[in-house]
Amino acid sequence: MASRFDIGFAKTARASGGVAILLQAAGQPAAGLADVDPGNVVGRAAEVAKFTGKALKSLDVLAPHGAPVDRIRVLGLGEADRLVAHDWLKAGGAAAKIGQAEKVTIYLDAPGVTVSARNAADFALGMQLGAYSFDTYKTKKGDEDEAKPGKSVKVTLVTAAASAAKKANEVSDAVAEGVILARDLVNEPANVLGPVEFAARAKALEKLGVEVDILTEREMKKLGMAALLGVAQGSVRPPRLAVMHWKGGKEKDRPIAFIGKGVVFDTGGISIKPAAGMEDMKGDMGGAAAVIGLMHTLAARKAKANVIGIIGLVENMPDGNAQRPGDIVKSMSGQTIEVINTDAEGRLVLCDALWYCNETFKPQFMVNLATLTGAIMVALGSHHAGLFSNDDTLATRLTAAGLTTNERLWRMPLGREYDKMIDSRFADMKNTGGRYAGSITAAQFLQRFVKDTPWAHLDIAGTAMGSPTDEINQSWASGFGVRLLDELVRANYEG
């Protein structure tokens, strides 16, 4: 974090020193003027600057005459009747840029806008996410335009909904922690975060009440997970399968399940990738990062649901012992797979994890997340993740959750015609169907390991890392999926 915010809520506040941020809807006066601008400095400055409160536009007044604060910043919300939930996060993210201020008072109740407790909590969440930066390995930190790294900045959000907002913010804090955990994991270099170290991060969730089991290579061999183990055999770093169980629902309720691809570094194996950009393959565990971030969020906010989180953790390296193109492996399901391309490794990890989850826990549904294919980026770019599903209800709920959180999904097709593309001459299937429809054939491969259980596959290759930055994410790693899946659970699966 570039700075940490100590966020509180109050119905009224007497601002003194520091920064005052006033929200303003388009065509309306700003909030809090009576408290911080007795000399109408803002009104005169807005007239000169032709500031009208357009969304995310701002007006700054330094050392305002007669004001009790050092700086007044007016932040536009746009048209009041067009505000949606995500607009409050974006506004919070924009407000996070507070320079070297050590105290900030923010007036949320803009005239013409009804501010709910959830709106206020979303604003606070946007601030926390917008302030995030990963500078762990920088020896020279901070500059004159930013608060001192690690310093806690006192923030007071002033709103009539303060009492209810405090309660709502407990959930927002949990979401922020989960997203930041996921971002941290994806941003970590692979020499620091291997499968064993990643599994230890999962184990740490026990402090929040999550039950965690870590399966070692020996245990996975006994289970017959040769598909997953084949990916790992070229690395000196042993694989792990982390199984997380949050029991917040009724004992008799079947769990819901989330499975993540955790390839901590992907060279492509023997089918080695081009050198240019290979450093980004430290982020090929974005799906696993999202799952562990989600489990943290659910446990931290005491979600009333029974949830399984499983992450398959491996490193894909070229080596004298590495898997070869043409090798045939037997998955835990008993189905055999011809390895055509060792760079199509994520599906080999996921197929055993999906089968294990389904057979062991009998979940209501399974959702897997993976930075699986470059092909999904060709199709959708970096503004939507690909959604594949065998169940319309689950797909509809995921799509709705994506629209609410702005972690958007686009449903892609599945079909027998595509399934035929991964039939093999020598085994039950091959792990790639060739150049065309690459993201679809990858999904068809995974579908062979879910039986009739409702299932969805989210291909997040374009959204988990290197995606466009915005007000709530200035990081290479976005933490995509944590807010989306928390919303899915919250809206549909809590008692």
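Hydrogens, waters and symmetry mates play no part in the numbers below; they use all other heavy atoms, side chains included.
- If you take NE2 on His383 and CE on Met377, they are separated by 10.5 Å, rounding to the nearest 0.5 Å.
- If you check the side chains of Thr373 and Asp459, you find a donor sitting under 3.5 Å from an acceptor.
- Applying the side-chain hydrogen bond (donor to acceptor under 3.5 Å, both in side chains) criterion to Thr399, with sequence neighbours excluded, gives no partner residue.
- In this view, His86 satisfies the ring pair (Phe, Tyr, Trp, His ring centres under 6.0 Å) rule with no residue, not counting sequence neighbours.
- Shortest non-hydrogen contact noted between Pro29 and Pro111 is O-CD, 3.3 Å.
- Between the side chain of Gln24 and the backbone N or O of Gln28, at least one donor-acceptor pair lies under 3.5 Å.
- Side-chain contact between Asp280 and Trp476 is present, with at least one heavy-atom pair separated by less than 4.5 Å.
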Enumerate donor-acceptor pairs with a distance under 3.5 Å from any side-chain N or O in residues 485-495 to protein atoms, sequence neighbours excluded.
unit_1, atom_1, unit_2, atom_2, d
Asp486, OD1, Arg301, NE, 2.7
Asp486, OD1, Arg301, NH2, 3.1
Asp486, OD2, Arg490, NE, 3.3
Asp486, OD2, Arg490, NH2, 2.5
Asn492, ND2, Leu488, O, 3.0
Tyr493, OH, Arg397, NH1, 3.0
Glu494, OE1, Arg301, NH1, 3.4
Glu494, OE1, Lys304, N, 2.7
Glu494, OE2, Arg301, NH1, 2.8
Glu494, OE2, Arg301, NH2, 2.6

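- Side-chain atoms of Val179 and Tyr132, non-hydrogen and from C-beta on, never get closer than 4.5 Å to each other.
- Considering only residues two or more places apart in sequence or on other chains, Thr371 meets the side-chain hydrogen bond (donor to acceptor under 3.5 Å, both in side chains) condition with Asp284.
- Side-chain atoms of Asp70 never come within 3.5 Å of backbone atoms of Ala63 as a donor-acceptor pair (strictly under, hydrogens ignored).
- Using a 4.5 Å cut-off on side-chain heavy atoms (C-beta onward), Ile308 and Ile256 make no contact.
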Side-chain donor/acceptor pairs under 3.5 Å, residues 47-60, sequence neighbours excluded:
unit_1, atom_1, unit_2, atom_2, d
Asp60, OD1, Arg71, NE, 2.8
Asp60, OD1, Arg71, NH2, 2.9

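- To the nearest 0.5 Å, atom OG of residue Ser467 and atom CD1 of residue Ile460 are 10.0 Å apart.
- Using a cutoff of 4.0 Å between basic side-chain nitrogens and carboxylate oxygens, Lys273 and Asp266 are scored as salt-bridged.
- Residue Arg44 places its CZ atom among more than 12 non-hydrogen atoms of other residues, nucleotides or ligands, all under 6.0 Å distant.
- Within the 4.5 Å cutoff, no side-chain heavy atoms of Asn406 are placed close to those of Lys90.
- Nearest heavy-atom pair, Ser16 versus Val69, reported as atom, atom and distance to 0.1 Å: N-CG1, 4.3 Å.
- Of the possible donor and acceptor atoms, one in the side chain of Glu407 sits under 3.5 Å from a partner among the backbone N and O of Leu484.
- Separating the CE atom in Met412 from the CG atom in Leu458 is a distance of 13.0 Å, to the nearest 0.5 Å.
- The residue from Arg237, Arg240, Lys282 that alone fulfils the salt bridge (Lys or Arg N to Asp or Glu O under 4.0 Å) condition with Glu315 is Arg237.
- Under the 4.5 Å side-chain criterion, counting only non-hydrogen atoms from C-beta, Asp109 is not in contact with Tyr107.
- Glu471 contributes atom CD, which lies 9.5 Å from atom CG of Asp87 (distance to the nearest 0.5 angstrom).
- Across every non-hydrogen atom of Asp35 and Ala13, the tightest pair is OD2-O, 4.1 Å.
- Lys247 pairs by the salt bridge (charged side-chain N to carboxylate O under 4.0 Å, His left out) definition with Glu211, not counting sequence neighbours.
- Here the closest heavy-atom approach between residue Ala30 and residue Leu22 is recorded as CB-CB, 4.0 Å.
- Closest approach of Leu108 to Ala120, counting heavy atoms only: CD1-CB, 3.8 Å.
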**OP:** Could you go through the side-chain contact (heavy atoms from CB on, under 4.5 Å) check for Val175 and Leu129 one step at a time?
**Re:** CA-CA 10 Å; Val175 173; Leu129 297 182; 5.8 Å; no
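- Atom-to-atom distance recorded for Ser478:OG and Arg183:CZ is 7.0 Å, nearest 0.5 angstrom.
- Looking at Val113, Val74, Leu75, Val115 one by one, the single match for side-chain contact (heavy atoms from CB on, under 4.5 Å) with Leu23 turns out to be Leu75.
- At least one side-chain heavy atom of Lys11 sits less than 4.5 Å from a side-chain heavy atom of Ser163.
- When all heavy atoms of Leu241 and Gly312 are compared, the closest pair comes out as CD1-CA, 3.7 Å.
- Rounded to the nearest 0.5 angstrom, Thr297 OG1 and Glu177 CD are separated by 7.5 Å.
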Subject >> Worked check of side-chain contact (heavy atoms from CB on, under 4.5 Å) between Ser389 and Leu398 >> reply: CA-CA 10 Å; Ser389 184; Leu398 280 163; 5.9 Å; no
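- Counting heavy atoms from C-beta on, the side chains of Lys103 and Thr156 never come closer than 4.5 Å.
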Subject >> From CA spacing to verdict: side-chain contact (heavy atoms from CB on, under 4.5 Å), Met366, Ile259 >> reply: CA-CA 7 Å; Met366 298 188 292; Ile259 299 93; 3.9 Å; yes
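- A donor-acceptor contact shorter than 3.5 Å is absent between the side chain of Ser382 and the backbone of Pro468.
- Ser235 places no side-chain N or O within 3.5 Å of a backbone atom of Asn316 that could act as its donor or acceptor partner.
- In the displayed structure, Lys302 atom NZ is contacted under 6.0 Å by more than 12 heavy atoms of other residues, nucleotides or ligands.
- For the pair Asp391 and Phe365, the minimum side-chain heavy-atom distance is 4.5 Å or more.
- Under the 3.5 Å distance criterion, the side-chain polar atoms of Arg254 are matched with a main-chain donor or acceptor of Pro363.
- Between His457 and Trp455, the two ring planes are parallel [angle under 30°; tilted spans 30° to 60°].
- A salt bridge links Lys203 with Glu206: at least one charged nitrogen is closer than 4.0 Å to a carboxylate oxygen.
- Between the side chain of Trp410 and the backbone N or O of Leu380, no donor-acceptor pair lies under 3.5 Å.
- The backbone N or O of Asn119 lies less than 3.5 Å from a partner atom in the side chain of Ser116, making a donor-acceptor pair.
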**OP:** Begin with the C-alpha distance, continue with both residues' side-chain angles, and end with the deciding distance and a verdict on side-chain contact (heavy atoms from CB on, under 4.5 Å) for Arg483 and Ile472.
**Re:** CA-CA 12 Å; Arg483 292 188 300 112; Ile472 65 170; 3.6 Å; yes
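- A side-chain donor-acceptor contact under 3.5 Å links Asp470 to the backbone of Asn473.
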